[in-house]
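Since the structure comes first, as structure tokens, the remarks are kept for the end.
Here is how names work: the chains are called A, B, and so on, in the same order as the sequence lines, proteins then strands, and each is numbered from 1.
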Amino acid sequence: MVTGEIGKLMIRFGLCCLFVNEPVRFRTTTASYLKKLSRKSRLGKLSSICLENSKNLQRALISAKRMGIGAFRISSDLFPVYTHPETGYHLDDFPDAEHIRKTLREAGTFAVENNIRLSFHPDQFIIISSPRNEVVANSVRDLIYHFMLADLTGAEIINIHLGGRYGSKVDSIERFRRNFEKLPSAVRARITLENDDISYTPSDLHGLCMELGIPLVYDVHHHRCNPDGLSIEAATSMCLDTWRKGKEPYFHISSPRDGWNSGNKKSHADYIDPGDFPTHWLKLRRNFTLDVEAKAKELAVQRLMKDLRV
DNA sequence: GCATGTCAAGTTGTG
DNA sequence: CACAACTTGACATGC
């Protein structure tokens, strides 16, 4: 059983990228270090990091299964600095390329067999709505990198934000719409959009998502930081609209580290305050996945599952 | 061996 | 105008 069961409702709890108490350690490196190495030793080092990270993904899923965690967000750094302009590389450049592919496919099979959903959440540099062509081009490249990993592991979701405002949200949404078409259709099929904590609310994104067929990931913490006048109930149902039947919606939750009355509501706390979980969600008639964004990682997921079963 | 400084990228908001 | 915050630890380096 990978889902929390509350009455008839099934909530699938998700962990983001890392564990604090499990023997799962993802390695990384930096472009400035790689630049000092010859091409051969550079590729050797990267190959061994990527292979180890792929094995760690398997370990991560085994741990998730044991804990009843039903979704896992894979770190964008699984293959470090893959799209860097100077030290970027391709999987086929590696001595261990086939071994890495096999390891990632096995992780994907394990996820399917154990009903664990996989996703990616590329970071803040991926901006499809930027007025700067170079930023858009880099973002497209990075999304294609994410797609490669998603294809190997079977991850169904690549979740991004709309981007900056650049003085006009309406114009920026229009640019997103145009630039989105530049993505290969296989990549587009995995993209979701999430409301953010400073600019784009569920109301801002709903029309675009409906038109382009992009599922809207509802982050209730961001909605509280960056409200649009909609109640949580209304925003939830607006986001659910964008997920076609049979596709399980994603929600995100977190609690503010310094409390709701502080100047800084955005930083994430170690754990989720159960009071921040919208009671309305317990009455939904649809199953959903809830990614828990909390610093205590799997401990926070386990605590929230326990708190909600009371 | 341990402490420390560094790390590719964009954008916004604060001081 | 400069810098921190999103996230975020892990690594190489230097003592």
Side-chain angles (χ1 to χ4, degrees), chain A residues 14-37 41-42 45-46 48-50 52-53 56 60 73-89 119-146 159-169 171-173 175-176 179 194-201 204 217 219 221-226 252-258 262-270 291-300:
Chain A
L15 172 67
C16 303
C17 305
L18 301 170
F19 291 82
V20 292
N21 264 350
E22 292 289 302
V24 176
R25 287 291 169 265
F26 293 102
R27 294 178 57 198
T28 188
T29 185
T30 63
S32 55
Y33 178 70
L34 292 172
K35 278 184 217 171
K36 297 177 197 163
L37 306 177
S41 49
R42 184 189 291 182
K45 182 184 173 70
L46 284 164
S48 90
I49 289 177
C50 292
E52 273 193 58
N53 285 354
N56 271 283
R73 182 187 299 173
I74 305 172
S75 166
S76 294
D77 291 330
L78 197 73
F79 288 11
V81 292
Y82 190 85
T83 57
H84 189 279
E86 290 171 81
T87 60
Y89 53 96
S119 67
F120 286 93
H121 194 1
D123 49 20
Q124 67 266 36
F125 311 108
I126 305 325
I127 300 173
I128 292 300
S129 66
S130 176
R132 296 167 51 199
N133 288 336
E134 188 191 320
V135 173
V136 176
N138 288 342
S139 300
V140 169
R141 249 162 27 103
D142 219 73
L143 287 173
I144 290 171
Y145 151 70
H146 280 86
N159 180 43
I160 59 176
H161 291 290
L162 193 120
R165 295 194 295 275
Y166 314 98
S168 162
K169 288 207 266 188
D171 291 349
S172 301
I173 288 172
R175 263 196 315 276
F176 181 97
N179 291 335
E194 177 189 341
N195 62 302
D196 66 65
D197 52 7
I198 51 171
S199 301
Y200 295 89
T201 64
D204 291 329
V217 172
D219 187 315
H221 180 77
H222 289 166
H223 192 215
R224 285 165 169 151
C225 292
N226 180 28
H252 291 179
I253 193 164
S254 35
S255 285
R257 185 189 63 198
D258 306 322
S262 77
N264 172 24
K265 302 176 178 63
K266 296 181 207 163
S267 300
H268 293 166
D270 289 345
D291 273 356
V292 175
E293 298 185 325
K295 298 221 174 232
K297 297 297 171 188
E298 82 276 16
L299 306 179

[atom1]-based separation of [M] from [N] [nearest Å]:
N: C:dA5; M: B:dT4; atom1: C1'; value: 22 Å
N: B:dG5; M: C:dA4; atom1: P; value: 14 Å
N: B:dC7; M: C:dC3; atom1: P; value: 15 Å
N: B:dA8; M: C:dA2; atom1: P; value: 23 Å
N: C:dG9; M: B:dG10; atom1: P; value: 23 Å

Report the base-pairing partner of C:dT8 (Watson-Crick or G-U wobble, both distances below 3.5 angstrom), or none.
none
Would you mind pulling out the nucleotide paired to B:dA8, Watson-Crick or G-U wobble, both distances under 3.5 Å?
none
Of A:V292, A:V24, A:L15, A:L18, which is the lone residue that meets side-chain contact (heavy atoms from CB on, under 4.5 Å) with A:E298?
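One option only clears the test, and that one is A:L15.
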Using a cut-off of 4.0 Å on non-hydrogen atoms, how would the nucleic acid contact of A:S130 be classed: base, sugar-phosphate, or nothing?
sugar-phosphate
Which is true for A:K45 with a 4.0 Å heavy-atom rule: it touches a base, it touches only sugar-phosphate, or it touches nothing?
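Contact class for A:K45: sugar-phosphate only.
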Report the nucleotide, chosen from [options], that has the shortest atom-to-atom distance to any side-chain atom of [X].
X: A:V81; options: B:dA8, B:dT11, C:dT7; answer: B:dA8
X: A:Q124; options: B:dA8, C:dT8, B:dG10; answer: B:dG10
X: A:K295; options: B:dT11, C:dT7, B:dA8; answer: C:dT7
X: A:D123; options: B:dT12, B:dT11, B:dA9; answer: B:dA9
X: A:K36; options: B:dA9, C:dT13, B:dA8; answer: C:dT13
X: A:T28; options: B:dA8, C:dC11, C:dT7; answer: C:dC11

Between [N] atom [atom2] and [X] atom [atom1], what is the distance in whole Å?
X: A:D270; N: C:dG9; atom1: CG; atom2: C1'; answer: 15 Å
X: A:L78; N: C:dG9; atom1: CG; atom2: P; answer: 18 Å
X: A:N138; N: B:dA8; atom1: CG; atom2: P; answer: 14 Å
X: A:F26; N: C:dC11; atom1: CZ; atom2: C1'; answer: 17 Å
X: A:I49; N: C:dG9; atom1: CD1; atom2: C1'; answer: 14 Å

Aromatic ring centroids of A:H121 and A:H161 under 6.0 Å?
yes
For A:R25 against A:N53, the heavy-atom pair lying closest together:
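So the minimum-distance heavy-atom pair works out to O-OD1, 4.5 Å.
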Both A:Y33 and A:E293 contact DNA chain C. Taking the nearest nucleotide for each, which residue is further toward the 5' end?
A:E293
5′-ward residue of the pair A:T30/A:L18 relative to DNA chain C
A:L18
Check the phosphate of [N] against [X], side-chain N and O only, distance under 4.0 Å to OP1 or OP2. Yes or no?
X: A:S32; N: B:dT6; value: no
X: A:H84; N: B:dA9; value: no
X: A:R132; N: B:dT11; value: yes
X: A:K297; N: C:dT7; value: no
X: A:R27; N: C:dC11; value: yes
X: A:R165; N: B:dT12; value: no

Mapping A:G164 and A:R141 onto DNA chain B by nearest heavy atom, which one lands closer to the 5' end?
A:R141
Would you call A:F125 stacked on B:dG10, i.e. ring centres under 5.5 Å apart with the planes less than 30° off parallel?
no
So A:Y145 and A:F79, would you call those rings parallel, tilted or perpendicular, with 30° and 60° as cut-offs?
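Tilted: the ring planes of A:Y145 and A:F79 meet at 30° to 60°.
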Euclidean distance, A:N138 CG relative to A:H84 NE2, rounded to 0.5 Å
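Interatomic distance, A:H84 NE2 to A:N138 CG, rounded to 0.5 Å: 10.5 Å.
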From A:D197 atom CG to A:S254 atom OG, the distance as rounded to the nearest 0.5 Å:
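These two atoms lie 9.0 Å from each other.
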Quick check against the 3.5 Å criterion: does A:K45 have a side-chain atom that pairs as donor or acceptor with the backbone of A:L34?
no
For a quick check, tell me whether the side chain of A:T87 and the base of B:dA8 share a donor-acceptor pair closer than 3.5 Å.
no
